[in-house]
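Since the structure is predicted, the reported quantities are computational estimates derived from the model, not experimental observations. Convention: sequence-line order gives letters A, B, ...; per-chain numbering from 1.
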2 protein chains.
Amino acid sequence: MLNCHPPSERRHHSLGASRHILDRVGDKWSLSVIETLCHGPLRFNELKKQVEGISQRMLTLTLRHLERDGLVTRTMFATIPPRVDYALTPLGFKLLKPVSELVEWVRENSAEIEAAQRTFDQQTVTPLP
Amino acid sequence: MLNCHPPSERRHHSLGASRHILDRVGDKWSLSVIETLCHGPLRFNELKKQVEGISQRMLTLTLRHLERDGLVTRTMFATIPPRVDYALTPLGFKLLKPVSELVEWVRENSAEIEAAQRTFDQQTVTPLP
DNA sequence: CTGAATCCATTACGATACTG
DNA sequence: CAGTATCGTAATGGATTCAG
């Protein structure tokens, strides 16, 4: 929970340790990859097809980060051609709940957010004469 | 909610419209600023003192983004010296709930996450002879 | 006091080519 | 098939200086 308490009762840095996961939430591809994997394991190229727009490089990097944080497992099969399966860990599945609720919240409030953005953008527009 | 359904039932881009807010969640300062403002309005320099480590530039930029998204209001007083109050909007307050639950989730699972990171990091370490 | 402007370092990302 | 390597570009953030 965020430290919504007066400064006297506040602990040092309320976030900080959570940064790594928040970075995953904020980066361009992690949530899409997690979402795609929630139906079951997928191979690298299947993932690449289903996460539209992602490059090979970014898929590799994103999967490495998710694997490092314990959200995704990587399973290699010593076949020819090689085959690698990626799957959500139980931890990865559990993350879906709070993340989904956040995304859901944004959806429910997107009209208000976009209205605010339009208002803000119009204020500072200085049309040329 | 994230599209955890088979591809046949899946809507085009599950995220996409939510990117803007997810970017706020993911960036370095937005959540700290929101957290600091949840006790009540603050002036620019009070915010700068309480959000430790933030530079003047990043505080300005962060506040502009939050204001644009309708999460924060900016109130100027035409006094000398000038005074500007920043406060959470009702929308900003409401965002605290899903965000807090996400941060809470990370806290509850930080041990497991950090253990995964240590394991991952040790795998690829190749100590020099 | 509030904040805009500038400069710089680091990182994120994308496109392409190459490899076991 | 599943990557790695390399390159170039854009975005992000920090430090410092200037201004109303």
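Using a 4.0 Å cut-off, some side-chain N or O of B/Y86 falls inside it from OP1 or OP2 of C/dG3. Note on B/K28: a side-chain N or O is less than 4.0 Å away from OP1 or OP2 of D/dG14.
For the pair A/K48 NZ and C/dG14 P, the interatomic distance rounds to 11 Å; values are reported in whole Å. Put simply, CG on B/L47 is 14 Å from P on C/dC1, counting in whole angstrom units. Across the protein-nucleic acid pair, B/Q56 atom CD and C/dC1 atom C1' stand 9 Å apart, rounded to whole Å. One interatomic measurement links the two molecules: CG of B/D27 to P of C/dT11, which rounds to 17 Å at whole-angstrom precision. Remark: P of D/dT12 and CD1 of B/I54 are 15 Å apart, rounded to the nearest angstrom. Following rounding to the nearest Å, B/L59 (CG) and D/dA15 (P) show an atom-to-atom distance of 14 Å. Rounding to whole angstrom units, CG of residue A/L42 and P of D/dC1 are separated by 15 Å.
Looking at A/R19, its side chain does come within 3.5 Å of a backbone N or O of B/G26 through a donor-acceptor pair. Checked by atom type and distance alone, the side chain of A/T89 pairs as donor or acceptor with a backbone atom of A/G70 at under 3.5 Å.
B/F44 and B/I80 are not part of a single hydrophobic cluster, where members link through side-chain heavy atoms under 4.5 Å apart.
With distances taken from any side-chain atom of A/T60 to the nucleotides D/dG14, D/dG3, D/dC1, the minimum falls on D/dG3. You'll find that the side chain of A/P81 is closest to D/dC1, out of D/dC1, D/dG14, C/dC13. Of all nucleotides listed (D/dG14, C/dC1, D/dG3), D/dG3 comes nearest to the side chain of A/F44. With C/dG3, D/dG14, D/dA2 as the candidates, the nucleotide lying closest to the side chain of B/V84 is C/dG3.
If A/G53 and A/P82 are placed on DNA chain C by their nearest nucleotide, the residue sitting closer to the 5' end is A/G53.
Looking at heavy-atom distances under 4.0 Å, A/F77 makes no contact with the nucleic acid at all.
Residue A/T36 is tested with A/L88, A/L47, A/I54 for a side-chain contact (heavy atoms from CB on, under 4.5 Å); the sole match is A/L47.
At least one side-chain heavy atom of A/D27 sits under 4.5 Å from a side-chain heavy atom of A/R24.
The base of D/dG13 lies close enough to the side chain of B/R57 for a donor and an acceptor atom to sit less than 3.5 Å apart.
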